[in-house]
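Worksheet: the structure to be examined is printed underneath.
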Amino acid sequence: MKTVTVVIPVYNEIETIAHVLDRVRMAPTPGLKKELVVVDDASTDGTTEYLRGLSDDDGIARLFHARNQGKGAALRTGFAQATGDVIIVQDADLEYDPDEYPKLLRPIIDGKADVVFSSRFRSGEERRVLYFWHSVANKFLTLISNMLSNLNLTDMESCYKVFTRDVLQRIRIEEDRFGFEPEIVAKVARLQCRIFEVGVSYAGRTYEQGKKITWRDGVRALWCILKYSLRRT
């Protein structure tokens, strides 16, 4: 039986981490065994202590950064630890539902895709209504990314990204923060992978609830789109 590795980057998520781990452990992955890799990015709110207190019998690989580096850096660490045939990125804030793993994994299991991206905008599922300007920025960045990559994604910044092991082994993640999203899209496009997009539900958080991305990350995302799409190697 093949294995799917769920890589979970974590920073200051003490309110949700236990629930997320329970949900991921219970999430269906038809035909695949499941491996969990959690990377704590030097949390300061008790998340680190919680993770260190988990029993080794829980079967969760736990990795700890000595200093905060960002989501991209945490994923880079997690990808290096992953042993699965398929790797899926899961945020630790419960904005995305692990019960949707089957439809995200299906195109790869069926042999049709090398990479699957999620989309909050092409889904018939429920979606929390939040920030107008965030959605405008997201669609603008997705448009620029599509123009340079010649893809037709609808949600470049969406969390769920699923890769075969072969694809990830051919990519070196350079971005430390949220620039991971445009970087990975540009690099996957350059490899001419078979890419599918799947609509997912979305229960977004407010800044008061712990949302971390800011307008500075949007500016950096634009720079990353240009950098990795126009770079020759």
Side-chain angles (χ1 to χ4, degrees), residues 6-13 37-43 63 65-82 87-93 95-96 115-121 130-131 133-163 167-191 193 195 197 200 202 204-205 207 210-233:
V6 183
V7 178
I8 310 175
V10 181
Y11 176 63
N12 285 354
E13 298 291 359
V37 176
V38 180
V39 184
D40 179 73
D41 195 29
S43 294
L63 306 170
H65 285 174
R67 61 180 179 83
N68 180 252
Q69 300 175 60
K71 180 179 180 178
L75 287 173
R76 187 164 57 239
T77 298
F79 290 160
Q81 177 75 20
I87 294 90
I88 183 168
V89 175
Q90 170 72 55
D91 283 350
D93 54 15
E95 289 188 328
Y96 296 84
V115 176
V116 176
F117 293 146
S118 63
S119 173
R120 296 161 289 182
F121 302 127
L130 278 173
Y131 302 113
W133 289 110
H134 275 208
S135 66
V136 170
N138 187 302
K139 290 175 182 178
F140 171 74
L141 291 170
T142 299
L143 173 64
I144 300 301
S145 175
N146 285 342
M147 290 171 64
L148 294 176
S149 66
N150 198 29
L151 299 178
N152 62 345
L153 298 174
T154 63
D155 192 4
M156 181 265 295
E157 297 278 2
S158 187
C159 161
Y160 279 144
K161 291 177 171 62
V162 190
F163 311 90
V167 166
L168 271 189
Q169 287 179 331
R170 298 162 66 191
I171 294 174
R172 181 171 66 91
I173 304 302
E174 301 172 56
E175 289 297 310
D176 286 341
R177 284 181 53 78
F178 294 106
F180 161 80
E181 312 286 358
E183 177 191 3
I184 199 71
V185 169
K187 291 183 175 180
V188 163
R190 186 176 295 116
L191 291 176
C193 298
I195 303 170
E197 189 177 57
V200 296
Y202 179 62
R205 295 193 301 179
Y207 285 103
K211 194 172 187 69
K212 299 178 180 68
I213 196 166
T214 70
W215 65 269
R216 292 182 179 85
D217 295 301
V219 173
R220 178 67 186 181
L222 180 58
W223 166 247
C224 290
I225 291 170
L226 299 173
K227 175 181 177 180
Y228 296 109
S229 296
L230 298 177
R231 195 169 70 180
R232 294 184 179 273
T233 59

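Values below: every heavy atom of this structure, side chains too, minus hydrogens, waters and symmetry copies. For reference, positions follow the sequence shown, starting with 1.
Residues Arg172 and Glu174 have side chains in contact (heavy-atom distance under 4.5 Å, counting atoms from C-beta outward). Proximity of Ile173 to Leu75: side-chain heavy atoms (C-beta onward) are nowhere separated by under 4.5 Å. Side-chain contact check for Ile171 versus Phe163: every heavy-atom pair is 4.5 Å or farther apart. For the pair Glu95/Arg120, no side-chain contact is recorded, criterion being any heavy-atom separation below 4.5 Å from C-beta on.
Of the possible polar contacts, none joining the Asp91 side chain to the Asp93 backbone as a donor-acceptor pair under 3.5 Å is found.
Qualifying ring pair (Phe, Tyr, Trp, His ring centres under 6.0 Å) partners for Tyr96, counting only residues two or more places apart in sequence or in other chains: Tyr160, Tyr202.
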query: His65 and Val39: side-chain contact (heavy atoms from CB on, under 4.5 Å), yes or no, with the steps?
result: CA-CA 7 Å; His65 285 174; Val39 184; 3.9 Å; yes
field: Pair Thr154-Thr142, side-chain contact (heavy atoms from CB on, under 4.5 Å): steps then yes or no
entry: CA-CA 7 Å; Thr154 63; Thr142 299; 5.6 Å; no
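Here the closest heavy-atom approach between residue Asp40 and residue Ser43 is recorded as OD1-OG, 2.6 Å. Closest non-hydrogen pair, Ser119 versus Ser158, comes out as N-OG, 4.0 Å. Here the closest heavy-atom approach between residue Asp41 and residue Gly70 is recorded as OD2-N, 2.6 Å. The two atoms that bring Ala82 and Val7 nearest to each other are CB-CG2, 4.5 Å, heavy atoms only. Annotation for Phe178 and Glu157: closest pair O-OE1, 4.5 Å, computed over non-hydrogen atoms. Of all heavy-atom pairs spanning Ala42 and Tyr11, the tightest one is O-CE1, 3.5 Å.
Rounding to the nearest 0.5 Å places CG of Leu141 at 12.5 Å from CG of Leu153. In this structure, Leu226 CG and Ser145 OG are separated by 10.0 Å, a value rounded to the nearest 0.5 Å. In this structure, CZ on Arg76 lies 4.5 Å from CG on Asp176, to the nearest 0.5 angstrom. Interatomic distance, Ser229 OG to Asn146 CG, rounded to the nearest 0.5 Å: 9.5 Å. We find the OH-CG distance between Tyr228 and Leu148 to be 14.5 Å, quoted to the nearest 0.5 Å.
Each of Lys71, Arg220, Lys187 was scored for a salt bridge (Lys or Arg N to Asp or Glu O under 4.0 Å) with Glu181, with one residue passing: Lys71. Screening Asn138, Ile225, Leu143 against Met156 for a side chain to side chain contact (heavy atoms under 4.5 Å, CB included) leaves a single residue, Ile225.
Note on ring orientation: taking the six-membered ring where Trp is involved, the planes of Phe79 and Phe180 are tilted (angle from 30° to 60°).
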